[in-house]
Amino acid sequence: MKILIIGDVVGRAGRNIIQQELTNLKSKYQVDITIANCENASGGNGLTEKNAKEFFENGVDIITMGNHVWDKKDIVNYIDDYTNLIRPANYPDPCPGKGYTIFEKNGIKIGVINISGIVYLNNLICPFTTIDAILEEISSKCKIIILDFHGEATSEKIAMGYYSDGRVSLVYGTHTHVQTADKRILPQGTGYITDVGMTGPFDGVLGVDKDIIIQHLKSRRPVKFEIATGIMQINGLYVEINEKTGKCEAIDNFIKVIE
Ligand SMILES: [Fe+2]
Ligand SMILES: [Fe+2]
């Protein structure tokens, strides 16, 4: 099973790149399923239903989210209508939406899970007990299981990789918008990278106009964030998973800059 992962899509710029580049990337890697983190896709924060539909129309199979999931408030009204739009599983109940989905491709079931870290992020339910509970439910149903672990601290993400090693096929980090150079296959066969990076402006600070962020950091006063313009980038990960064992057999990261 060949899987393409797309790092946090930021704003209209990120959405345009998906529209322009995704078809080519999918055919280049001959991918079976595509998963994109879209927590910043609408105006930099959150996801509108219109934009969610566009991602599915443009070839994204599963959308994962993160700490910005509720920023476009209407999502609480539509999230339950979309089987393949998931949010971090460790929000306390009752909470709209769900933290994992089971996607079927070529007769094979692929479990996709979204969990948020809690170090330097929202104080949610423990991510480690959350993954245990979900695996208890779905391990017997799916051989291939993918985890988008949306975290700030590299330590927490690496720990989650080792904690899940041998129990899931791939653990990849999202949220920091900076791709890390540590892709690997862990000892028990789980593919791993601390962060896949972002899709949107290349020449900004995590997607935001650099001058605005410098002004904010120097003045320590609130500013209105605006998405950067200019050169664009798409960041992601390509993995191959053995359909019989569920283990990762190949992992390759990419950063494509678009002038
Ligand atoms: Fe993000
Ligand atoms: Fe985030």
Side-chain angles (χ1 to χ4, degrees), residues 4-18 22 34-48 51-52 54-55 60 62-73 75-76 79 85-91 95 97 99-100 112-125 127 130-131 146-161 171-180 193-210 212-213 216 224-228 232-237 253-255:
L4 184 68
I5 307 290
I6 303 292
D8 300 30
V9 180
V10 180
R12 183 187 301 276
R15 301 198 309 271
N16 287 345
I17 298 166
I18 293 295
L22 190 59
T34 300
I35 307 168
N37 187 294
C38 299
E39 67 151 2
N40 306 109
S42 302
N45 293 309
L47 178 67
T48 63
N51 292 156
E54 286 164 359
F55 283 116
V60 172
I62 294 152
I63 294 175
T64 57
M65 297 293 285
N67 54 305
H68 290 294
V69 58
W70 312 118
D71 289 3
K72 292 284 177 286
K73 294 183 176 40
I75 196 171
V76 299
I79 193 168
L85 164 56
I86 59 174
R87 46 84 180 154
N90 45 340
Y91 277 95
C95 180
Y100 71 85
V112 182
I113 307 169
N114 191 190
I115 294 179
S116 175
I118 55 173
V119 178
Y120 307 127
L121 269 175
N122 294 334
N123 185 16
L124 304 178
I125 295 163
T130 301
I131 187 76
I146 311 290
L147 170 60
D148 172 347
F149 188 46
H150 194 81
E152 177 76 33
T154 49
S155 56
E156 190 184 28
K157 290 156 110 172
I158 295 168
M160 179 57 84
V171 176
Y172 67 95
T174 54
H175 174 72
T176 70
H177 295 201
V178 179
Q179 189 175 91
T180 53
I193 188 168
T194 297
D195 206 290
V196 290
M198 63 161 276
T199 297
F202 180 76
D203 204 11
V205 178
L206 314 184
V208 179
D209 181 283
K210 58 185 183 302
I212 292 174
I213 295 296
H216 171 60
K224 187 172 182 297
F225 283 7
E226 280 173 30
I227 306 293
M232 298 293 154
Q233 61 177 329
I234 181 165
N235 290 192
L237 189 70
N253 56 311
F254 61 86
I255 295 176

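Everything quoted here is computed from the prediction, not taken from an experiment. Counting starts at 1 for both ligands and their atoms, following the listed order. Index from 1, following the sequence.
With Thr64 as the partner, the side-chain contact (heavy atoms from CB on, under 4.5 Å) test is satisfied by one option alone out of Leu147, Ile5, Asn37: Asn37.
Distance check for Thr174 against the Fe ion (ligand 2): none of its N/O/S atoms falls below 2.8 Å. Checking His177 against the Fe ion (ligand 1), an N/O/S atom falls under the 2.8 Å cut-off. Taking 2.8 Å as the criterion, Asn40 counts as a coordinating residue of the Fe ion (ligand 1), since one of its N, O or S atoms falls below it.
The N, O or S atom of Asp8 with the smallest distance to the Fe ion (ligand 1) is OD2. The name of the N, O or S atom in Glu39 nearest to the Fe ion (ligand 1) is OE2. Restricting His175 to its N, O or S atoms, the one at the least distance from the Fe ion (ligand 2) is ND1. The closest approach of His150 to the Fe ion (ligand 2), by N/O/S atoms, is made by NE2.
Between the side chains of His150 and Asn67, at least one donor N or O sits under 3.5 Å from an acceptor N or O.
In this structure, His177 contributes its side chain and Leu206 its backbone to a donor-acceptor pair below 3.5 Å.
Ile227 and Pro201 make their closest contact through CG2-CG, 3.6 Å (heavy atoms, listed as atom of the first residue, atom of the second, distance). When all heavy atoms are compared, the tightest approach of Ser42 to Leu47 is OG-CA, 3.4 Å.
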Carefully, step by step, assess Ile35 and Asp148 under the rule side-chain contact (heavy atoms from CB on, under 4.5 Å).
-> CA-CA 9 Å; Ile35 307 168; Asp148 172 347; 5.9 Å; no
